[in-house]
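All residue numbers in this chain count up from 1 along the given sequence. All ligand and atom numbering here is 1-based and tracks the order in the structure. Please read these numbers as outputs of a predicted model, since none were measured by experiment.
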Amino acid sequence: MINVLDKLFFLTTQTTSYLFHVTEEGHLEHLYYGKRLSHLLSTDIDALKDKHHINIGTEPCYNEDNPAYFLENISLETSTEGRGDYRIPMVVAEYGQGLSTLDFVYKSHTLTKGKPIFHDGNAQAYGTPEDSSTLAITLTDKKLPITLTLYYTTFDTCDVILRKAVLSNDMEGKLLIRNLSSLQLDLFDDNWDLITFDGAWSRERIMDREPLRSGTHVNESRTGLASSDHNPLVYLARPDATESHGLVIASNLIYSGNHKESIEVSPFGKTRLLTGINDSLFAWTLNQGESFGTPEAVLTCSEDGCNGASDHFHLFVNAHIIRGEWRYRERPILVNSWEASYFDINEDKLYELAKQGHDLGCELFVIDDGWFSGRDDDTSSLGDWYPSPSKFPSGLATFSRKVHDLDMMFGIWIEPETVNKKSILYGKHPDWMIAIPGREPVVCRHEHLLDLTKKEVCDYLFKSISEILDTCSVDYVKWDMNTVFADLYSFSVSDMREYPHRYVMALYGLLERFIQAFPHILWEGCASGGNRFDLGMLCYFSQIWVSDNTDAFSRTAIQGGTSYGYPPSTMGCHVSNSPNPQTLRISPIDSRFNVACFGDLGYELDLTELGKEEKTTIAEQISFFKLFRPIFQFGTFHRYNHDSIIQWTSISNDKRTMATLWMQPLNPSNAKSDRLFIEDAEEDAVYDVFPRSQRIPLSLFGHLLKTVKPLATAGETVQKVVSENLTLPSEVEHYTVSGSVLKHAGIKLNQQFSGTGRDSQTRVFSDFGSRLYLIKKH
Ligand code: GLA
C-alpha cells in the first residue's frame with residue numbers, strides 16, 4: 001500500500017514501513033525503513049527528519065541561504081556527483097567535456113495499482129492490481145532537461161519493495177551513463193553487519209558475515225555472469241540479529257550479468273547501500289529522446305532475523321518471479337546421466353539407467369552432456385545441436401518414446417550460448433564467436449561465447465534446438481553455460497562498454513522466445529553448477545542447478561547460503577556417488593538424501609551398479625519424499641544451526657507438519673547428550689516427534705563386526721558378505737511432546753553410539769551422519 005500526504009511518501013507492506021519526503025530544496029530524504037508503523041500523525045515528520053541547524057567546519061553548504069543543508073549528511077533516495085555528496089553516487093552521467101554534475105529534484109509523482117511492465121529488455125517481476133501498487137517519482141535536473149524516474153512497487157503479503165530507475169535524456173547532446181544503480185538505500189546509522197554470499201565453482205554462495213567498518217565494501221561480479229564469486233544478494237543485519245530474531249534489511253537484483261553492491265559507511269556514520277549493473281565494465285550512451293531502465297532490485301526488511309527476510313524472498317520469488325505452468329507445481333524426481341557415465345553414453349546404457357530409475361520411483365530421465373553429434377569429450381561440438389547417430393542408432397525421438405513408455409518425463413542438457421572451435425558451426429560461422437580481431441581469445445573449458453546480440457545467431461539456436469524439443473517431445477531442459485566473458489567484441493556494437501549488458505538483454509530475448517514456444521517444458525538453469533543462480537534467470541527457469549558439488553556436507557553450506565535469497569523449489573539438489581567426486585568425502589547415502597530433499601530432488605549416479613540394500617534405501621527415500629514433497633519444496637524453510645549441528649526445518653503451509661534435518665558433521669566420540677529444539681513449534685500445540693527410519697549398513701562397523709557373536713566365529717568370507725549386504729534399522733525414538741517443551745526445553749535425544757555397545761535405541765552416527773525428524777501436530 002502506498003500513501004502520499006503532502007510530500008511525504010509512506011509505503012507499507014504487511015509488516016514493514018518505508019518513508020521518505022521532499023526536502024525544502026526538492027531532494028528526496030529517506031526517513032525510515034523498518035517494522036510497520038501502525039499510524040502516523042502529521043506532526044511525526046518533524047520527529048523523523050534529520051536535524052541540521054548550523055554549518056560545521058568545512059562542510060560545503062548546498063545553498064548560501066540554507067547554510068546547514070549539506071547533501072553528504074542527509075539520507076537520500078538518490079544521489080549524483082558534484083553537489084556536495086561525496087559518497088558513492090547512484091547516478092553518474094557525463095555530458096559535454098566530461099561534466100557529470102547533476103542535481104535531481106522532485107517534479108511530480110503518480111500512483112498506480114499493480115506493477116508496470118517495462119519494455120526495456122530487462123527480466124522483471126510481475127504483479128497484479130490486487131497484490132501490488134506502484135509509486136513513480138519523476139525528478140529533473142535543476143539545469144538540464146534530464147529526467148530520473150524512481151519506481152517503488154510494494155508487494156504487501158511478501159513484504160517486498162521493488163525498485164527501479166529510468167534515466168531519460170531530452171538534451172540536444174549525448175548523455176553518457178557511467179553508473180545508474182537500481183536502488184539506493186541510505187540508513188541513518190552504521191550499526192550493521194554485512195552478510196554476503198561468496199565462493200567459486202563448487203563452493204557457491206557461502207554465507208560470510210562481518211561487521212561494517214568505515215569506508216566502502218564492494219560485492220561485485222565482473223565475469224559477465226551474476227557469478228559464484230559474489231551473488232547479488234546482500235543482507236545488513238543488526239550485530240545481535242540471529243537467524244530468528246533482530247532487524248535485518250536485505251536486497252537482491254533481478255539481473256544475470258555484472259553487478260555491483262556498494263555498501264558505504266560515511267564519515268557521519270550513515271550507511272549507503274547501492275545495487276545495480278557494475279559500472280566498471282559499463283557505459284551507455286543516450287541520444288536525445290532516449291531512456292535507459294535499470295534492472296529491478298528487490299528490497300525487504302524483517303524484525304524476525306534472517307529467516308524472516310528469507311521467508312519474504314521465498315514468497316516473493318514463487319509469487320512474482322517464477323512464471324508459467326511450473327510455478328507452484330511439484331518438481332519431478334529425476335535421474336541425470338552426468339555423474340553416472342559422463343560422456344560414455346549410448347541408447348542401451350541410458351535405457352538401463354532410466355529403467356532402473358523408474359523402478360525406484362523416479363519420474364524424469366535426463367540425458368546430460370554428450371548426446372549430440374561428435375560430443376565425446378568437452379573439447380568439441382558445442383553448437384552442433386543434432387543427436388549423435390552413433391550413440392542413438394534408433395534416433396533420439398525413439399529413445400524419448402521409450403522413456404515416455406516407462407511413464408517417465410524425458411529431458412536433455414543443452415549449452416546454447418557457447419561454441420567449440422572444433423565444431424561444424426564454427427567451421428561455417430567463425431564470426432559468430434565472440435573474439436577481438438587479431439587477438440587470440442582466452443578460452444574456458446575449450447569453449448567460447450556466441451555473439452547473441454546478432455539476430456542470426458539467436459535464430460539459428462532457436463530453430464535447431466526447437467526442432468529437437470519438438471521431434472523428441474522434450475519435457476525438461478537443463479540450460480547450461482560453462483564459460484565466462486573475456487575478449488568481448490562485436491561488430492554490431494560501437495561502444496564495447498555496452499556489450500555485457502546488451503548480451504544479457506539478448507539472452508533474455510532468446511529465453512523468452514523459448515519459454516513462450518514451449519510453455520509446458522520444465523527449464524532448469526545451470527552455469528558450471530551455480531555460477532548464474534540469480535533472480536534474472538529465475539524469470540525464465542523455474543529451477544537452477546545449485547552446484548556441481550553434491551557432497552552432503554558441502555551442500556549444507558551451499559544450499560544453506562542459497563536459501564537466504566531463493567526458495568527450495570528453485571534449487572536442483574541431487575544424491576550422487578560416495579566418495580564424492582568433488583570432495584572425495586565419504587558420506588552415508590541417507591545423509592546425501594536428507595540434504596538433497598530440501599529442494600528439487602534428483603539422483604546423479606549409476607543406479608544400475610548399486611547393491612540390493614542401496615536400491616531398497618533409494619526406493620524408500622523416494623516414497624518418503626513423494627509424501628512430503630510439497631513441504632520440502634513449497635513450505636516455509638528455516639535455518640537453525642546450534643553449535644556444530646546443522647539444523648534446517650521445513651514447515652507445511654497449514655503448519656501441521658514439519659521436517660527437520662539434524663546433521664552432525666564429525667563424530668566427536670563419546671558424544672555429549674543431544675537436544676532437539678524446534679523453534680517453530682506452537683507453544684500450545686501437541687506434537688508427535690520421531691526420526692525417519694533409515695538403514696545403517698553393517699559395513700559401517702568395520703572390524704568391530706568380528707567382535708560380535710555369532711559373526712565373530714563365522715569366518716572372513718561370511719563376515720564380508722554379511723557386512724556388504726545387510727543393514728540395521730536406525731533407532732526407534734518417539735515422543736508426544738508439548739509445543740512449549742519442543743520450543744524452549746528441547747527433546748533430550750537417545751544416546752549416540754560410541755564404540756562399546758548398541759541396542760535398538762542407540763543413535764548410530766558416522767561422520768556427516770544425519771536424521772530427518774518428523775514433527776506432526778495433533
Ligand atoms: C557443467 C554442469 C554439470 C554437467 C556438465 C556437463 O559442468 O554444471 O552439471 O552438466 O557441465 O558437461
Applying a heavy-atom cut-off of 4.0 Å, say which part of Met481 lies close to ligand 1: side chain, backbone, both or neither.
neither

Minimum heavy-atom distance Pro332-Trp326, with the two atoms named
CD-CZ3, 3.7 Å

Pairing donors with acceptors under 3.5 angstrom, does anything connect the side chains of Ser569 and Asn318?
yes

protein heavy-atom neighbour closest to atom 10 (O) of ligand 1 works out as Asp368 OD1, 2.6 Å

Which of the atoms of ligand 1 are close to Trp545, meaning less than 4.0 Å from one of its heavy atoms?
8 (O), 9 (O)

Answer with yes or no after comparing the ring centroid distance for Trp371 and Phe399 against a 6.0 Å cut-off, counting only values under it.
no

With a 3.5 Å cut-off and no angle check, do the side chains of Arg331 and Ser542 form a donor-acceptor pair?
no

With heavy-atom distances below 4.5 Å as the criterion, would you say the side chains of Glu524 and Ile544 are in contact?
no

For the pair Arg592 and Ile589, evaluate side-chain contact (heavy atoms from CB on, under 4.5 Å) and give the outcome as yes or no after the intermediate values.
CA-CA 5 Å; Arg592 285 175 262 155; Ile589 191 159; 3.5 Å; yes

For Lys478, the ligand 1 atoms whose distance to one of its heavy atoms is below 4.0 Å:
3 (C), 4 (C), 9 (O), 10 (O)

What residue and atom, counting heavy atoms only, is the protein's closest point to atom 8 (O) of ligand 1, and at what distance?
Asp548 OD1, 2.6 Å

Which of the atoms in ligand 1, numbered in the order shown and given with their element, are less than 4.0 Å from a heavy-atom of Trp338?
4 (C), 5 (C), 6 (C), 12 (O)

Could you list the atoms of ligand 1 found under 4.0 angstrom from a heavy atom of Gly529?
8 (O)

Between Asp480 and ligand 1, does any nitrogen or oxygen pair lie at a separation below 3.5 Å?
yes

If we number the atoms of ligand 1 from 1 as shown, the ones under 4.0 Å from a heavy atom of Cys526 are 2 (C), 8 (O)

If the cut-off is 4.0 Å to any non-hydrogen atom of Asp369, which atoms of ligand 1 fall inside it?
6 (C), 12 (O)

Under the criterion ring pair (Phe, Tyr, Trp, His ring centres under 6.0 Å), which of Phe598, Phe637, Phe593 is the partner of Phe632?
Phe598

